[in-house]
Amino acid sequence: MKGRVLALFKSTHQVIKGEGALSGAKISYRIIPVPKSISAECGMAIEIEEKDRPALENVLRERGLDVHFHEEQ
Amino acid sequence: MNLMTFNGYFDNAATSFPKPPSVAAASAVYLNEIGGPYGRSAYGRALEVSRAVEGARSQLADLFGVKDSARIVFAMNATQAVNTVLFGLDLKDAHVLVSPLEHNAVMRPLAELERTGLCRFEVLPHAPDGLVDLEGIGRALTPGTALVVVNHMSNVNGLIQPVAQIKETIGEIPLLVDGAQSAGNLALNLEEWGIDFFAFTGHKGLLGPTGTGGLYIRRPERLRPLLYGGTGSRSDSFEMPEFSPDRFEAGTHNIAGIFGLSAALADRPDARHEEADFIRLIDKIRRLKSYRLLVAEDGGRQGRLFSLCHRSLPSSEVARRLFERHKIETRSGLHCAPLAHRTLGTFPDGTVRIAASPYHTPGDFVRLFEALEDIGG
């Protein structure tokens, strides 16, 4: 969906930590299966709105979580 | 168990009973209502389970004084956790030092490593009750010493080892602490103490279900996994992930058990007795001439368990009489710790072990004493 990005984590542990960070920062999100076309990561990805990406990067950096983003087409 | 009546279960060092009522309820909620895997998918059940497992991991990290919960990995018990360290470190041609009160969870893997020519081990210098001699550690270290293993709280005499000072003394040499008896029973601050590995189980002092436990790993990148298999991550590769916790958690977790463990951590009961009540029990038994007590010499190093042996009756007979005459449940024998019994001079006959739980009342201790008095004469 245009205007949305996927936050990809290497483990379930990090997805749940990432979810906790998003909830704390009041950023809206959805957890969805990682599309097979993207990677063989941990099975869960967090979908957010593109505009929230800088805020998410900030909260994840504060918690020492690794993430990379995939822009949805 | 009706806790308004006598609680004669004193085998809490083997496995604790009773558990907080919420433990069974939480496991049942998982089995009956939630189901689903940890990770691997993104539907509601999988997410709920993943949150719960990570929640339990965070609870353990908080309890152990660990900031990054990724350094806590789940295992089925402390034995698996200890094996993960002993077979996961590179101990080729290494010298390993162990405390004199080690359990076979440590000694059998080490003996296997020694038998196959991989490493050799020696026992640390110590006092008669097994307390490691801090000043003697320096003399025991060799240039090849690659690991020191210390049983935090003995499962035979309850002695609490000074693990923080031991780590301070050995410096960069890794320290594996067997916390099977200490987790849940002692205040822990693993990061502040500099502990490298801490093996724990969920079903003793933490009051959780059997089949739960795990390992704290200060530097996960230095350890090979014990088990290899699916983790739900890096699924395109035959290699185990290099990151924790996935690196050490192949296969499906004991999710029902982890739900119960989480409830036990959240719902820990206040002890129904004071430390002074337990010390009073020890002091009273000490005055019975028919028994020899196995306790820490320094009362400040005494955990909530100890052993005793009768001057003429075998330990198995004392345990039998305690149960048949008084409905008191204890464990007699060697407690899977022959090294500890050799150290304490009770090998091969063993002892009767008394291990308290937070659910014991001062009245339970009085009944236990009266039973020992009755049997001991």
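None of the values given here were measured: they were computed from a predicted structure. Here is the naming used below: chain letters follow the sequence lines, and residue numbers restart at 1 for every chain.
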Query - Close side-chain approach of B:Leu47 to A:Ile16, heavy-atom, < 4.5 Å - result: yes
**Report entry** Residue from A:Glu19, A:His13, A:Met44 passing side chain to side chain contact (heavy atoms under 4.5 Å, CB included) with B:Ser50
**Finding:** A:Met44
**Report entry** Flag if over 12 foreign heavy atoms under 6.0 Å of CD, B:Glu172
**Finding:** no
**Report entry** Which portion of A:Ile32 sits near chain B, non-hydrogen atoms under 4.5 angstrom
**Finding:** backbone
Query - Rounded distance (nearest 0.5 Å) linking atom CZ of B:Arg247 with atom OG of A:Ser11 - result: 14.0 Å
Requested in this report: Taking all heavy atoms of A:Pro33 and all of B:Ala42, pick out the closest pair and write down the distance.
Outcome: N-CB, 3.3 Å
Query raised in the report: Taking atom NZ of A:Lys17 and atom CG of B:Asp68, what is their separation to the nearest 0.5 Å?
Result: 7.0 Å
Query raised in the report: Given a strict heavy-atom distance threshold of 4.5 Å, which part of B:Ser237 is in contact with chain A: side chain, backbone, both, or neither?
Result: neither
Query raised in the report: At what distance, to the nearest 0.5 angstrom, does CD1 of A:Ile31 lie from CZ of B:Arg51?
Result: 5.5 Å
